[in-house]
Amino acid sequence: MPVITLPDGKQKQFDSPVSVAEIAASIGPGLAKAALAGRVDGKLVDTSFSVEHDATVSIVTEKDQDGLEILRHSTAHLLANAVQELFPDAQVTIGPVIEDGFFYDFAYRRPFSTEDLAAIEQRMAEISAKDLPVHRRVLPRDEAIAHFKNIGEHYKAEIIGAIPAGESISLYGQGSWEDLCRGPHVPSTGKLKAFKLMKVAGAYWRGDSRNEMLQRIYGTAWATEKQLKEYLKRLEEAEKRDHRRIGRELDLFHLQEEAPGAVFWHPKGWALFQSLVGYIRQRQGEAGYQEINTPQIMDRELWIQSGHIEKFGENMFMTKTPDERTFAIKPMNCPGHVQVFKQGLRSYRELPLRLAEFGKVHRYEPSGALHGLMRVRAFTQDDAHIFCTMEQVTAESVAVTQLILSIYRDFGFDDVRIKFSDRPAKRVGSDEIWDKAERALQDACAAAAIETELNPGEGAFYGPKLEFVLRDAIGRDWQCGTLQVDLNLPERLGASYIAEDSQRHIPVMLHRAMLGSLERFIGILIEHHAGKLPLWLAPVQAVVMGITERQDEYCAEVTENLKNQGLRVETDLRNEKVGFKIREHTIKRVPYLLVAGDREVEARTLAVRTRSGKDLGAVELNELAALLTEEVAGRGRIILEDRLSQRRSA
RNA sequence: GCCGACUUAGCACAGUGGUAGUGCAACGGUUUUGUAAACCGUAGGUCGGGGGUUCGAAUCCCUCAGUCGGCACCA
C-alpha cells in the first residue's frame, strides 16, 4: 500500500506496488509520455521501476539535467547497438556521459572511418525509429562474467570481474542487443531523436598508455532537434574565437615548423605580452615580492639534486658543451631561486622572502601534446617562490590565492575553478611530510574561504597544489595559476635559515604562478574576449584616420598627442575611403576609431566610433584623451561610452 | 609518444595520372573620398621535405616532419 509523495507535496495512495510510469500516468497523459525515468527517494530509477513502499517520487523528463544525462547515456547504448549490428566482431567496453554528449569505446580490428561513422549514425536513427522498448534484467556477478565471456565480450567480463563477488549485475538492452549497465535508461529507443556522431579517436583501454588502443566514438545528444542545432551553432561560433586563428588575423604571433612549440611574437602580440608583464610586475611589487633573474642553463647536477632529472629527465632539453659538461636548459625556476636564497646566512627575520621571476622555461613536451599557445615547449612563467616558516604558510597562501583571484577579475574572469591536487604515486618525501603539507594547504583554502574540487593524485612530485583552471572557447580546461606547498625541495637543495632558537631550520617553499604560462594565458584571454581585448590590453588602442589629405597634419598631431599620454595609437593616412579603413580596423578589433574630417579639424575634435559599430559623435581632443586614459586605468570597468553619455545627459 | 585526418601563393580554398587555378591580402597607377569592401593593372607556387612507381606525379606507394582532433603526459 505505498503512499507516494510528489515534489509539490501532494500525496497519492496506491493499493499495490506501482511503477514510476504508472505514477506519471496517474498525474497526466502528457507527463506519462514525457517520462524518461524517475527519482525515488532521491535515487534515479527506470520508469519500469516498481515502488513497493512509501516514497518520495518525482518524474524525470528531458527538462531535468538528470533526464538529459539519461538521454545521452541511452544514446551511447544506441551507438553501441548500431556498431555491433554493423560490425559484429567489435567488442564493447565503456560508454559514459560527458559534457554535452557521450562517447563509447570499442575494441575493433581497425579504426573506424568517417564513412563508418555516417553508416553508424544512420543505423542509430533506424533503431530509434523502431521505438524498441528498453529492457533490463539482473544476473549474479559470476553468471554475468560467464555470459559476457561466452559471447566474446572480454572487456566487459574484465569490468565485471572488478565488481565484488556476490553482487548482482544489471543488463540493459533493446531488441536482441544487450550491454552491462547500472542504468537507468529511457523506456524506449524512440525517445532518442536529437543526436549526432562527432568524431572518432583512439583511446587507451583503462586510460593507460601501456594498454592497447581502442576506437572511441564521440557523440552529442539533446532533448530536441532545436537544441542540437543550437549546440552545433555554438561550436561553430567558438571556432571563430580560436586563438590560433585570431592570433594570425590580428598579427600577434606565429609558429613554424623549425621551432615546434615555440612562439614567434610579432610587435602587436609582444605589446600584449608586455602589458601583462607590466601589470603583474606592478601587482606583485605591491604585494611584497622582489623580482630576480636566474640562469637559463645550469649544470645538470642541480637537477639531479632537485629530483627533476629522475622524474622529468626525458622531457628536458640538455646541452653538452665542448668541455664535456652537461647542462640543462631550465624546465622550471625553483632550483635557481633556491640558489639565490642560499646566498649568505638567512635569518628568520627575512621571512617570508618572496622572490619572483618572469622565467622562460623549456620543456620537451610530447609531440602530441602541443597545442597553439596553450601547450608549448618554450614558455614564460610569472613564477615566484616564497620562503617562509611553517607558521607563515596559511597567511601567505591566503594572500597568494586572493591576489590571483583579484588579478583574474581584472582580466574579466569572475568564475574560476580551483582544483586541489594531492599526493601523486610517484613522489619524493615521507608520508608525514605530505600529511603536513596537504593539511597546510587545506587550512589555507579554508582560511581563504575558497571552494575547491579534489583532483586525487595530481599533485607535483614535491608537494600538493592548487590549480586555478580557466576554460578555452570550446570548453577545454587549462591550468593557469598554481600554488604549491613544498616541504621537500628546500631540504634536497640545502636551503636553511637561522631561527629564533639560533638553530638552522629548513624553510617551507611555496611555489606560485598567477597567470601560469604567459603564452597560455594570452591564448585563453584571446578566446575569452574573441580577440576584442579590453582597452588596457589592446595592442593598438585607437587608430586616427582622416577623410582626405587635408586632415593629414591634424591626424599626425592628434596621434602624437595621445601617444605622449601613454596610449597606443596609430595613424591611418592611406589613400582609401573612410569606410574601407573603418572596416579594416574593425576587423582588427581596434577598440576606438577616431575619424577627422574638415569639421573635426575646425572644432579640434574627433568623431569616435567603437569596434562594435557605435558612432559616439564628436569629442573634444583633451576630453577624449582623459576618457581613454581613465578607461585604461580602470581596466575595463569604466567605459568611455558610458562616461560620455553620463556627461552629455548631465 | 599512440590512433586518425590533414599539409597546394601571405590567408581561405579548388584541382584524382597529361602545361597549377579562384577569392581576399600584397605591389603599381587613377581617384581626395564622411563611418564595414572605389576602379584599372601587376606580381606571387620545387603543390611540407626526401625517396619510389610511371613515358609523365599536386594526384599512386614508402618514409620523415609539421599541423589538427582525441588518448596518454603536463614539474
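Each chain gets a letter, A, B and so on, in the order its sequence line appears, and its residues count up from 1.
At least one side-chain nitrogen or oxygen of A:K311 sits closer than 4.0 Å to the OP1 or OP2 atom of B:C74. Between B:C11 and A:R245, no contact under 4.0 Å exists linking OP1 or OP2 to a side-chain N or O.
Note: CG (A:N455) to P (B:C74) measures 11 Å, nearest angstrom. Atom pair A:L235:CG and B:C68:P shows a separation of 18 Å (rounding to whole Å applied). Remark: C1' of B:C68 and CZ of A:R375 are 16 Å apart, rounded to the nearest angstrom. If you measure from atom CG of A:L370 to atom C1' of B:G69, you get 14 Å, rounded to the nearest angstrom. Across the protein-nucleic acid pair, A:E239 atom CD and B:U67 atom P stand 19 Å apart, rounded to whole Å. Rounding to whole angstrom units, CG of residue A:D472 and P of B:G70 are separated by 9 Å. If you measure from atom CZ of A:R574 to atom P of B:U30, you get 18 Å, rounded to the nearest angstrom. Atom CG in A:D251 sits about 12 Å away from atom C1' in B:A25, given to the nearest Å.
A cation-pi arrangement, defined by a distance under 6.0 Å to the six-membered ring centre and an angle within 45 degrees of its axis, is absent between A:K311 and A:F461. The cationic group of A:R377 lies under 6.0 Å from the six-membered ring centre of A:Y364 and within 45° of the ring axis, placing it in a cation-pi geometry. In this structure, A:R512 is positioned above the aromatic face of A:Y289, its NZ or CZ under 6.0 Å from the six-membered ring centre and within 45° of the axis.
At the heavy-atom level, A:R206 lies nowhere under 4.0 Å from the strands shown. Backbone-only engagement by A:K465 is indicated by non-hydrogen atom pairs under 4.0 Å involving sugar-phosphate atoms exclusively. A:Q484 comes within 4.0 angstrom of the backbone, heavy atoms only, and of no base. The residue A:G372 sits close only to the backbone: its heavy atoms come under 4.0 Å of sugar-phosphate atoms, none of a base. At the heavy-atom level, A:P331 lies under 4.0 Å from base atoms of the strands shown. No contact: A:F103 has no heavy atom under 4.0 Å from any strand.
Between A:F461 and A:I474, the one whose closest nucleotide on RNA chain B sits nearer the 5' end is A:I474. Nucleotides of RNA chain B nearest to A:L255 and A:R363 differ in position, and the one nearer the 5' end is that of A:L255.
No donor-acceptor contact under 3.5 Å links the side chain of A:R244 to the base of B:C68. For A:R520 against B:C74, no side-chain N or O and base N or O form a donor-acceptor pair under 3.5 Å.
In this structure, the salt bridge (Lys or Arg N to Asp or Glu O under 4.0 Å) partners of A:D242, at least two apart in sequence or on a different chain, are A:R244. For A:E237, the side-chain contact (heavy atoms from CB on, under 4.5 Å) partners two or more places apart in sequence, or in a different chain, are A:K233, A:K240. The salt bridge (Lys or Arg N to Asp or Glu O under 4.0 Å) search around A:R375 returns A:E365, not counting sequence neighbours. The salt bridge (Lys or Arg N to Asp or Glu O under 4.0 Å) check on A:R589 picks up A:E249, with sequence neighbours excluded. Scored by the side-chain contact (heavy atoms from CB on, under 4.5 Å) test, A:P456 finds A:D422, A:L454 as partners (sequence neighbours excluded). With sequence neighbours excluded, the residues that form a side-chain contact (heavy atoms from CB on, under 4.5 Å) with A:K436 are A:M390, A:L487. Applying the side-chain contact (heavy atoms from CB on, under 4.5 Å) criterion to A:Q256, with sequence neighbours excluded, gives A:H254, A:E258, A:F264. For A:R476, the salt bridge (Lys or Arg N to Asp or Glu O under 4.0 Å) partners are A:D472, not counting sequence neighbours.
Closest approach to the A:H371 side chain among B:U32, B:G69, B:C73 is made by B:G69 (side chain taken as heavy atoms from C-beta onward).
Straight-line distance between the P atoms of B:C40 and B:U22: roughly 16 Å, to the nearest whole Å. Distance noted for atom P between B:G41 and B:C47: 30 Å (whole Å). Nucleotides B:G52 and B:G69 place their C1' atoms 31 Å apart, quoted to the nearest Å. Across B:C2 and B:C55, the matching P atoms stand 37 Å from one another, rounded to whole Å.
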Enumerate all atom pairs, one protein N or O and one N or O from nucleotides 1-4 of chain B, separated by less than 3.5 Å.
residue: B:G1; atom: OP2; partner: A:S367; partner atom: OG; Å: 2.3
residue: B:G1; atom: N7; partner: A:G368; partner atom: N; Å: 3.1
residue: B:G1; atom: N2; partner: A:Y204; partner atom: OH; Å: 2.6
residue: B:C2; atom: O4'; partner: A:Y204; partner atom: OH; Å: 3.3
residue: B:C3; atom: O2; partner: A:G202; partner atom: N; Å: 3.4

Are there any protein N/O atoms within less than 3.5 Å of an N/O atom in nucleotides 42-49 of chain B, and if so, which ones and at what distance?
none

Task: Nucleic acid footprint by protein, nucleotides 34-41 of chain B - heavy-atom cut-off 4.0 Å, B for base, S for sugar-phosphate alone - done: BBBBB---
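Within 6.0 Å of the CZ atom in A:R210, the count of heavy atoms belonging to other residues, nucleotides or ligands does not exceed 12.
Ion pair A:K360/A:E519 not flagged as a salt bridge, since none of the NZ, NE, NH1 or NH2 atoms sits closer than 4.0 Å to an Asp/Glu carboxylate oxygen.
As the counterpart of B:U22, B:A12 is assigned, both hydrogen-bonding distances of the Watson-Crick or G-U wobble pattern falling under 3.5 Å.
Applying the side chain to side chain donor-acceptor pair (under 3.5 Å) rule to pairs touching residues 333-342 of chain A yields A:K330-A:N333, A:N333-A:Q381, A:N333-A:D383, A:H337-A:E357, A:H337-A:H385, sequence neighbours excluded.
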